[in-house]
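Report on one structure; see the data block that follows.
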Number of protein chains: 2
Amino acid sequence: MSQEAIREKRDAARAEDVVPPLDTIIGYKLRRAQLAVFQDFAESFARMKLRPAEFSALALIARQPGSKQSEIAEALGVKPANLVALMDGLEKRGLAERRKTDTDRRSYSLYLTAKGEKFVLSMASVWRDHENRMIERLGGEGESRRFIEMLEKVAG
Amino acid sequence: MSQEAIREKRDAARAEDVVPPLDTIIGYKLRRAQLAVFQDFAESFARMKLRPAEFSALALIARQPGSKQSEIAEALGVKPANLVALMDGLEKRGLAERRKTDTDRRSYSLYLTAKGEKFVLSMASVWRDHENRMIERLGGEGESRRFIEMLEKVAG
DNA sequence: TATTGTTATACTCTATAACTATA
DNA sequence: TATAGTTATAGAGTATAACAATA
C-alpha cells in the first residue's frame, strides 16, 4: 500500500466518527425537555381536563378580554381554522364565549364567563405548582430567568 | 357597603391578575423554541427528504451498528410499533438494513448500507451547519453547553 | 409464558383549500 | 376584492391492542 493510500484511509471520514451522539444535539435535547415539561403539565391538568392550547387560550382571554379569535390564534402560533374546535369546546363547557361586535360583524370578541373566571383562578393555582416544580428543577428563579432568555435567543 | 364587603372586593383574586403572561411560562417558551429549531432543521434537510426521527435513527445506527429496533425505539422515545414504518422507509431507500441474528432470531440487528454510510456523511455536514446556526443564536459554544445542561435539568 | 417485531387502528395536532358572511 | 371565521380533509406523530415467530 502506497503512502498515499495509507494517508487516504487514515483520513477517510467514517460515518460513526462524524455523527454526533444524540445527547449533544440541541434540537434533540430541546425536544426531550419539552416532552418532559408537557408531561408534567398534562399530569397536573388531567383532572381539570385541560390541554396546553386550552390553557393558553384561557390565559390570553383572561388577560385581554375582547381579543379576537385571529389574535388568539396568532399568539398561540396555530392556524385560525384550528381554533374553532378549541373555542367550541370552551363554549360548550361554559368557560368562554364569543360575542359579535358592532364595529366588525365578521369577527368575534372572546370573553370568559363567570364560571370561566372561577375556573381560571383554580387553573392558575394548579399552574403555579407545576411552574414551581420546573423552576426547582432548573435550580431557582434566577436560573429560570436565564433559561427563558436562552430559549428566546434560540427561538431566533 | 360594609367595611367587610369592601375588603372582600379589594382582595378578591381577579383572573386577569393571577394568570401569567404566556411569555413568562417555561413550557410555552420551550415549545416555541423547539418549533423554531425544528423549523430550521426541516428547511436544512428538506432537499435530503430527511425528518428528525430518521436523522436520529441513522445517527444511532451509524454510531452503534447492530443495534436492535427496540433499542433504537427506546433511544428515540417512540414505541417500537412506530419504528416499523420508519425502518421500512430507510430500507426502501437503501440506506439501512435489517439483519437476522443467530443468537436471537426474533430480533433484527440494524446496519447502514454502503450507500447509507455515504448518506450519513453528507447528512452530518448539513447537520453541522444547522447546529452551528443554533449555537450562534445562543451566543457561542460555552453558552450552548450551558443551555444543554439546563435542558437536562428541566427534563428531570 | 414472555419478548421482538408487526399489523391495524385511533387520537391529537397541525396545515391547506374552499366556503359564508361580512367589510 | 379582501378579511374573519368556518368546514372538510389530509398528513404527521404517537398510542394501544392483537397477532406471529421465537425464546
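Chain A is the first sequence line, chain B the second, and so forth, proteins listed ahead of strands; every chain is numbered from 1.
Mapping A/Thr103 and A/Lys79 onto DNA chain C by nearest heavy atom places A/Lys79 closer to the 5' end of the strand.
Note: CD (B/Glu74) to P (C/dG5) measures 13 Å, nearest angstrom. Atom C1' of nucleotide D/dA12 and atom CD of B/Glu54 are separated by 11 Å, given to the nearest angstrom. When rounded to the nearest whole Å, the span between CZ of A/Arg31 and P of C/dC13 equals 16 Å.
With sequence neighbours excluded, the residues forming a ring-ring contact (aromatic ring centres under 6.0 Å, His included) with A/Phe41 are A/Phe45, A/Phe55, A/His130, listed by chain and number.
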Base versus backbone protein contacts along nucleotides 2-11 of chain D [heavy-atom cut-off under 4.0 Å; B, S, -]: BBSSBB----
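Proximity of a side-chain donor or acceptor of B/Ser67 to a complementary backbone N or O of B/Ile72 within less than 3.5 Å is not detected. In this structure, A/Ser144 contributes its side chain and A/Ile135 its backbone to no donor-acceptor pair below 3.5 Å. No donor-acceptor distance shorter than 3.5 angstrom exists from the side chain of A/Glu143 to the backbone of A/Gly140, with no hydrogens or angles considered.
For residues 64-76 of chain A, no residue pair satisfies the salt bridge (charged side-chain N to carboxylate O under 4.0 Å, His left out) rule, not counting sequence neighbours.
Contact annotation: the side chain of A/Ser44 never approaches that of A/Asp129 to less than 4.5 Å [non-hydrogen atoms, C-beta and beyond].
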For residues 22-35 of chain A, which side-chain N or O atoms pair as donor and acceptor with protein atoms under 3.5 Å away, sequence neighbours left out?
from: A/Thr24; atom 1: OG1; to: A/Pro21; atom 2: O; distance (Å): 2.8
from: A/Tyr28; atom 1: OH; to: A/Arg32; atom 2: NH1; distance (Å): 2.7
from: A/Tyr28; atom 1: OH; to: B/Ala75; atom 2: O; distance (Å): 2.8
from: A/Lys29; atom 1: NZ; to: B/Glu152; atom 2: OE2; distance (Å): 3.1
from: A/Arg32; atom 1: NH1; to: B/Ala75; atom 2: O; distance (Å): 3.1

Only distances under 3.5 Å count here; give the side-chain donor-acceptor pairs of residues 85-92 of chain B to other protein atoms, sequence neighbours excluded, each with its distance to 0.1 Å.
from: B/Asp88; atom 1: OD1; to: B/Arg98; atom 2: NH1; distance (Å): 2.9
from: B/Asp88; atom 1: OD1; to: B/Arg98; atom 2: NH2; distance (Å): 3.1
from: B/Glu91; atom 1: OE1; to: B/Arg98; atom 2: NH1; distance (Å): 2.9
from: B/Glu91; atom 1: OE2; to: B/Arg98; atom 2: N; distance (Å): 2.7

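Residues of residues 35-53 of chain A having a heavy atom closer than 4.0 Å to DNA chain C, listed by number: A/Arg51.
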